[in-house]
Structures are given as structure tokens and as C-alpha cells.
Amino acid sequence: MSQPPPIFVTEPHLPPLDEFLPYLERIWASKRLTNGGPFHQQLELALAEYLGVEHLSLFANGTLALVTAMQALRISGEVITTPYTFAATSHSLLWNGIKPVFVDVDPTTCNLDPERIEEAITPATTAILPVHCYGIPCDVERIEHIADTYGLKVIYDAAHAFGVRQGGESILRHGDLSVLSFHATKVFNTFEGGAIICPDAKIKQRIDYLKNFGFADEITVVAPGINGKMNEFGAAIGLLQLKHIDTVLSARAAIFERYRDAFDAIPTLHLQTVPDTVDWNHAYCPLFVHAEHGASRDALFEQLKSANIHARRYFYPLISSFPMYRSLPSATPDRLANANRLAEQVICLPIYPSLDASEQQRVIDVVLRSSR
Ligand SMILES: *Cc1c(COP(=O)(O)O)cnc(C)c1O
């Protein structure tokens with residue numbers, strides 16, 4: 001029997017090619033390829049306006065943006081972070097010679113549990129690096145309160161949180177800095193790319209130096225900066241993607257609602273719940289498979305794979321089990337019970353604008369069959 005066509009966990013959104021050609025013609029005519037060219041300048045302004053933030057600095061990718069954010073705030077010593085995230089979150093600490101201190105997550109939000117932060121603070125702690133996992137906002141108020149009390153900085157890994165609002169306000173306005181990723185797999189993509197959200201022009205200035213080798217002007221180098229610049233090709237595709245973002249977000253929402261309707265009646269499965277005050281971006285569709293479910297999470301993963309549906313177990317295995325982290329005292333599994341349980345239960349289902357109803361039905365059918 002021939003296989004049905006593959007369905008992947010995501011498919012990057014691309015605007016119509018003919019809409020991109022005029023941008024390319026302008027790049028060819030100007031020969032401005034990088035170093036803060038016209039598209040780069042336009043995209044910084046357009047994104048700040050769209051996202052509802054004061055300033056942002058574009059980057060070649062989210063990981064370099066995270067590494068640079070730590071440099072910009074001179075973070076050192078120990079940083080409190082979550083193990084339930086993508087590798088880049090805590091790797092950005094190791095690249096700065098900072099020791100990650102893992103703290104368990106809240107089982108509902110999958111985000112850093114504010115209740116557990118204070119007990120992890122030591123004299124060496126300088127900052128907190130939480131993640132708005134799957135685009136669900138962290139408890140920003142309580143994190144801010146703890147940070148203010150102990151004199152810590154807060155850098156949000158907001159790689160999943162493009163366009164997310166809480167109470168009508170951008171979630172990216174919280175913390176000292178927030179970092180976005182525009183990787184191909186994210187809600188908004190520039191093929192590769194990222195940004196640091198900056199609350200004021202001064203910190204943006206410093207970050208702009210740091211992403212360009214530390215150059216403040218032609219002859220003055222003020223820091224051992226890196227090359228983190230986004231090029232004009234990325235900035236141009238970003239400007240075009242932004243024109244289509246509302247369609248992308250509403251298509252994602254509709255797909256998520258169809259999954260919700262399909263699985264609502266199954267008590268051994270649950271989808272992410274989102275507070276009413278949050279305008280979510282439906283960045284991912286994590287499905288949590290309880291131990292009492294007919295099939296185990298891994299059996300469901302294999303059943304989907306046999307149907308040529310390639311779901312992903314984000315975030316399994318936990319970062320804290322990677323060889324470069326697992327000997328840290330804070331990486332001990334029994335201290336991270338919630339994160340370990342979520343990592344054992346989660347499976348992220350395909351969600352992307354071009355997933356059509358019949359393809360989604362194939363996914364739903366396999367999941368429904370697994371409950372018997
Ligand atoms: C994607 C991602 C990153 C890294 O972004 P890149 O642009 O791929 O470098 C960082 N943190 C999280 C949580 C991510 O999902």
C-alpha cells in the first residue's frame with residue numbers, strides 16, 4: 001500500500017514568490033546587502049510598531065540574540081532558568097561562562113514556577129532567564145517582584161511568543177530584555193533571524209554595537225562584540241511576512257480549535273489551556289498524553305509516524321539531562337518532577353497555516369484511535 005504524503009510538525013510560511021521579487025530588485029539595485037541597510041531599518045520600525053514595543057534590534061538568529069543579551073547586561077555567575085525548553089536557552093548561558101541553575105516548571109503553564117525561584121537564589125545569582133513556553137506567558141508580575149526584591153535582571157526567552165498579548169499589552173514589554181527567534185519553524189520567520197526587544201534607546205544602542213563586533217563608529221571599538229547582524233535579504237522577507245501575519249495567526253487559531261473540539265471528550269488527553277486574558281499565537285499544539293491513556297505517548301508517536309505524520313516531542317529529553325548539564329546539582333530529576341513528567345507526556349501535533357482540513361483529519365483519526 002502506498003504511503004499517504006508526509007505531514008510534518010510544521011511547515012514554514014512563505015509569501016507568494018512574485019511579491020518578493022521587487023524587494024530583490026531593490027537589493028540588486030542598491031547593492032546594500034547588510035550592515036543596517038534600508039530594509040533592516042524599516043523592519044526594526046515595522047516590527048516595533050506591530051509588536052507594540054519601544055525598540056528592537058534585529059539579529060541573524062535567536063541564539064546570537066540570547067548570547068548578546070547576556071553580554072549587554074553583563075550577566076555573570078549563576079542564572080536561574082527552566083529545563084523545559086529548547087537547547088539554545090541554556091546554551092546561551094554556557095557561551096557566556098554562566099552557570100545555569102534549573103528550577104522546576106508549573107505543570108499547567110509549562111513555565112518557570114515562581115514559587116520555586118527564591119529557594120534557588122544564591123549570592124552568585126545575577127539574573128533569571130524564563131521562557132514563554134509554547135507562547136504561553138510566564139507569571140511576569142511575580143517574576144518581576146522577585147527580581148526587584150533580590151536585585152536580579154530578567155531576560156525572557158520569547159522565541160515562541162511573537163505577537164502574544166496579555167490584557168491587551170505585548171508580553172514582550174516585560175523584563176529587562178526579551179529575545180525573539182525568526183527561525184523557519186517559528187510563527188514569524190525570516191528564514192533565520194531573531195531580535196532583542198529593548199525598553200529604551202540607550203540599551204538598543206549598546207546592543208547594536210555588540211552585534212557589529214563592538215564598533216561604535218568607523219574607528220572606535222567599545223566591546224568584544226560578535227557578528228550577529230541580520231542581512232538585507234532576511235529583513236526584506238521579514239517585511240513581506242509581516243504583511244501576511246494576521247492571516248497566519250488566524251489560520252493557526254482555527255487549526256488549534258479543531259484539535260480542541262476533536263479531543264475535548266477524551267479525559268486521558270489534554271491540550272494546552274490558555275487564560276482568557278491572553279491573545280495567544282498558537283505557536284505549537286502540545287498534546288499531553290496521560291499515563292492512563294490507551295496508548296503511551298511513545299506508542300502514539302510511533303502510530304503517527306507509521307501514518308507518515310511526523311509529530312515532535314518538544315521538550316523531550318529535558319535540557320537538564322544533556323551531558324553538559326546533567327552533573328549540575330540543579331539538574332537532578334527529582335528536583336524537576338513537573339518538567340520530567342511533562343517531557344514524558346508531551347507530543348506536539350502538526351500546526352501551520354497550510355495544513356488543510358483533510359490532512360488535519362488524518363492526524364485526529366490516529367490520535368482518536370490511540371485512545372481505544
Ligand atoms: C528556536 C528557539 C531558540 C533559538 O532560536 P534560533 O533563531 O533558532 O537561534 C531559542 N529558544 C527557544 C525556546 C527556541 O524555541
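Ligands are counted one by one from 1 in listed order, and the atoms in each one are counted from 1 as well.
- When non-hydrogen atoms are compared, ligand 1 lies under 4.0 Å from the backbone of N61 as well as from its side chain.
- Close approach of ligand 1 to G62 is summarised as follows: ligand atoms under 4.0 Å from at least one heavy atom of the residue are 5 (O), 6 (P), 7 (O), 9 (O).
- Side-chain atoms of K229 and N231 form no donor-acceptor pair, as typed in the model, at a separation below 3.5 Å.
- Protein heavy atom nearest atom 9 (O) of ligand 1, with residue, atom name and distance: T63 OG1, 2.6 Å.
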Before you tell me yes or no, could you show the steps for H290 and T268 under side chain to side chain donor-acceptor pair (under 3.5 Å), namely the whole-Å CA-CA distance, both residues' side-chain angles and the distance that decides it to 0.1 Å? CA-CA 5 Å; H290 301 192; T268 51; over 6 Å; no
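- A donor and an acceptor atom, one from each side chain of D356 and S358, are located under 3.5 Å apart.
- Of the candidates A161, G194, S92, A159, A159 brings a heavy atom nearest to atom 14 (C) of ligand 1.
- For ligand 1, the polar-atom distance check against Y284 finds no nitrogen or oxygen pair separated by under 3.5 Å.
- Within ligand 1, the atoms closer than 4.0 Å to a non-hydrogen atom of G193 are 7 (O), numbered from 1 in the order shown.
- Residue-ligand proximity, T85 to ligand 1, at heavy-atom distances under 4.0 Å covers atoms 13 (C).
- Using a 4.0 Å cut-off between heavy atoms, D157 contacts ligand 1 through its side chain alone, with no backbone atom that close.
- Side chains of H174 and Q166: no donor on one and acceptor on the other come within 3.5 Å.
- A donor-acceptor contact closer than 3.5 angstrom links the side chains of S370 and H293.
- Heavy atoms of C133 stay at 4.0 angstrom or farther from ligand 1.
- Residue S181 approaches ligand 1 through these ligand atoms, each under 4.0 Å from one of its heavy atoms: 1 (C), 5 (O), 6 (P), 7 (O), 8 (O).
- Shortest non-hydrogen contact noted between A337 and D104 is N-OD2, 3.1 Å.
- Near F86, meaning under 4.0 Å from one of its heavy atoms, ligand 1 places the atoms 2 (C), 3 (C), 12 (C), 13 (C), 14 (C), 15 (O).
- By the 30° and 60° cut-offs, the orientation of the rings of Y134 relative to Y84 is perpendicular.
- Using a 3.5 Å distance cut-off with no hydrogens or angles, the side chains of S90 and Y325 do pair a donor with an acceptor.
- Nearest to atom 1 (C) of ligand 1 by heavy-atom distance, out of K186, H183, H160, H132, is K186.
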